[in-house]
Amino acid sequence: METMHSVSEGSSVEENEHKKKIIEALLFAAHEPLTTKRIKGILETYNPTSSEAVEQLIGELQKDYTTLQRAFHIEEIAGGYLLRSDEVYRDYIDQLFADRKGERLSQASTEVLAIIAYKQPITRAQVEKIRGVDCSSIMQSLEEKGLIANTGKLDAPGRPSLYSVTEEFLMHYGFRDLSELPPLSPV
Amino acid sequence: MLVQTDEPISFTLANFEGPLAFLLHLVQKSEIAVIDISLQELTEQFMGRLKEVAGPDVDRGAEFVATLASLIWLKSKMLLPPDEQPTLEDFEQEQSPFSILPELVEYCRIKERAFEMREKEIAQCGLYTRGRDPFFEVTRKKSTGLERLPIEELAKAFLRALARAAHAEGSIEEEEWRVRDKIELLRELLTLQHPILFGELFSPHRSKLEMIVTFLAILELMKLGEIMVVVEVGEWRFVPHKTEEVEHGNDA
């Protein structure tokens with residue numbers, strides 16, 4: 001649809017190609033999702049770039065990867081961009097990590113996690129009231145795994161801790177942000 | 001001695017946890033036949049469980065009767081023609097125990113979302129991210145037991161033991177004690193017989209040098225997270241550190 005000339009005013013085709021490569025290099029080296037803002041900040045040390053331009057360039061990269069049938073893709077997860085392998089190669093990559101079992105959460109843990117995700121911020125007592133059984137060891141385990149975090153205290157007797165889900169939670173389930181959580185009530 | 005338990009009697013009907021979940025199941029099922037079976041099974045299970053707990057608990061018995069009465073009330077409502085059946089909002093106003101129904105339904109929906117999340121998790125597990133390990137990084141620091149027992153106390157106890165050694169009579173022998181050796185010895189002791197009592201480890205017949213080396217070995221093992229100190233019945237003992245098992249599809 002758009003030609004490459006419309007990507008950003010004043011940037012030549014070569015400059016945009018170079019910027020795409022910079023973005024690719026950044027995504028390659030990063031250890032966490034990169035926001036548009038962060039990428040823009042770095043690109044501007046090369047030449048002026050708008051946020052829209054960043055997103056358009058990423059879009060082009062994504063298309064390039066599809067055309068070239070790359071084994072990985074650029075995806076938007078947990079509020080930023082990152083590289084993820086294609087599903088097709090799952091069985092092969094699994095073999096790289098064969099000695100460490102993939103960690104899936106139990107049904108009980110996932111339920112507690114869901115309660116927190118949909119009702120956050122929420123205290124342990126409130127979670128237990130919903131679930132009807134003790135949740136302290138599950139919540140401790142979830143906190144250790146970095147999926148939930150203490151985000152403050154409730155202004156009530158005892159000042160109990162409030163919990164919310166973390167960026168790690170978003171990454172684990174592949175959500176871009178919490179709005180991607182399916183609605184609680186049936187539509 | 002009769003066994004008393006404080007937790008509410010939960011029913012194991014069809015893999016539920018807790019009485020709430022059970023009630024929830026009944027809400028979901030609108031077929032009366034299923035409710036009939038559930039009530040019967042419920043009664044049988046309850047009676048069996050009561051015998052287990054040994055000794056009738058009047059409060060729980062009354063609670064059960066109340067729940068049963070409410071369930072029968074619910075069942076009677078469901079016998080009404082569809083257009084006269086109560087909605088969730090109606091239950092909110094009612095003064096019956098079913099004012100908790102909306103809460104239960106919400107829990108039901110959360111359970112469904114959790115199920116979907118587990119499916120999504122399977123899909124996500126096959127997608128590997130650049131720059132990240134595909135497993136959880138457990139951040140917990142291994143407990144040394146020193147949260148409940150400050151290090152000063154441990155140090156004081158050691159110094160007392162050391163002082164006692166000075167007064168003990170015994171043959172004077174020059175022996176070499178190495179921290180490294182003591183560490184290995186302690187590791188062996190841990191696998192054979194745990195817990196190791198403080199009193200045994202620092203008994204007065206040992207030489208001061210041996211005690212010092214032993215104490216250093218203990219501290220090192222604590223640092224490595226292999227050992228922790230616990231207080232039981234006023235006695236101190238060293239036990240191997242227990243690590244929590246990572247879940248592999250088992251219930252936490």
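These numbers come from the heavy atoms of this one structure, side chains and all, not from hydrogens, waters or symmetry mates. Here is the naming used below: chain letters follow the sequence lines, and residue numbers restart at 1 for every chain. Owing to the predicted nature of the structure, the values given are computational and were not obtained by experimental measurement.
A/E111 contributes no side-chain N or O that, together with a main-chain N or O of B/I110, makes up a donor-acceptor pair within less than 3.5 Å.
Every residue was checked against the side-chain hydrogen bond (donor to acceptor under 3.5 Å, both in side chains) condition with A/R70, not counting sequence neighbours, and none meets it. For A/E24, the salt bridge (Lys or Arg N to Asp or Glu O under 4.0 Å) test picks out no residue, with sequence neighbours left out.
Residues of residues 81-89 of chain A lying under 4.5 angstrom from chain B, judged on non-hydrogen atoms, are A/L82, A/L83, A/R84, A/S85, A/D86, A/E87 in numerical order.
The minimum heavy-atom distance linking B/C125 with A/R90 is given by the pair CB-NH2, 3.8 Å. Here the closest non-hydrogen pair linking B/K120 and A/Y173 is NZ-O, 2.7 Å. Taking all atoms of both residues into account, the shortest heavy-atom contact from B/R109 to A/L184 is CD-O, 3.4 Å. The minimum heavy-atom distance between B/E116 and A/P182, with the atom names listed, is OE1-CG, 3.9 Å. Minimum interatomic distance between A/G174 and B/Q124 (heavy atoms only, all atoms of both residues): CA-OE1, 3.2 Å.
At least one side-chain heavy atom of A/M171 sits less than 4.5 Å from a side-chain heavy atom of B/T129. Using a 4.5 Å cut-off on side-chain heavy atoms (C-beta onward), A/L105 and B/R118 make no contact. Between A/F72 and B/R130, the closest side-chain pair of non-hydrogen atoms is not below 4.5 Å.
Residue with the most contacts toward chain B among A/A29, A/A114, A/A117: A/A114 (heavy-atom pairs, distance under 4.5 Å). By number of non-hydrogen pairs under 4.5 angstrom with chain B, the leading residue of A/L96, A/L113, A/T110 is A/T110.
More than 12 non-hydrogen atoms from other residues, nucleotides or ligands lie less than 6.0 angstrom from CZ of B/R187. Atom CG of A/D155 has 12 or fewer heavy atoms from other residues, nucleotides or ligands within 6.0 Å. Within a 6.0 Å radius of CZ in B/F115, other residues, nucleotides and ligands contribute 12 heavy atoms or fewer. Sparse packing is recorded around CD of A/Q69, with 12 or fewer heavy atoms of other residues, nucleotides or ligands lying under 6.0 Å away.
If you measure heavy-atom distances from A/L27 to chain B, the contacts under 4.5 Å come from the backbone alone.
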Please test A/R131 against B/Y107 for side-chain contact (heavy atoms from CB on, under 4.5 Å), starting from the C-alpha separation and ending with a verdict. CA-CA 7 Å; A/R131 213 163 157 255; B/Y107 178 42; 3.5 Å; yes
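Applying the ring pair (Phe, Tyr, Trp, His ring centres under 6.0 Å) definition to pairs two or more places apart or across chains, none involves residues 130-157 of chain A.
With salt bridges taken as basic N to acidic carboxylate O contacts below 4.0 Å, one links B/R132 and A/E168.
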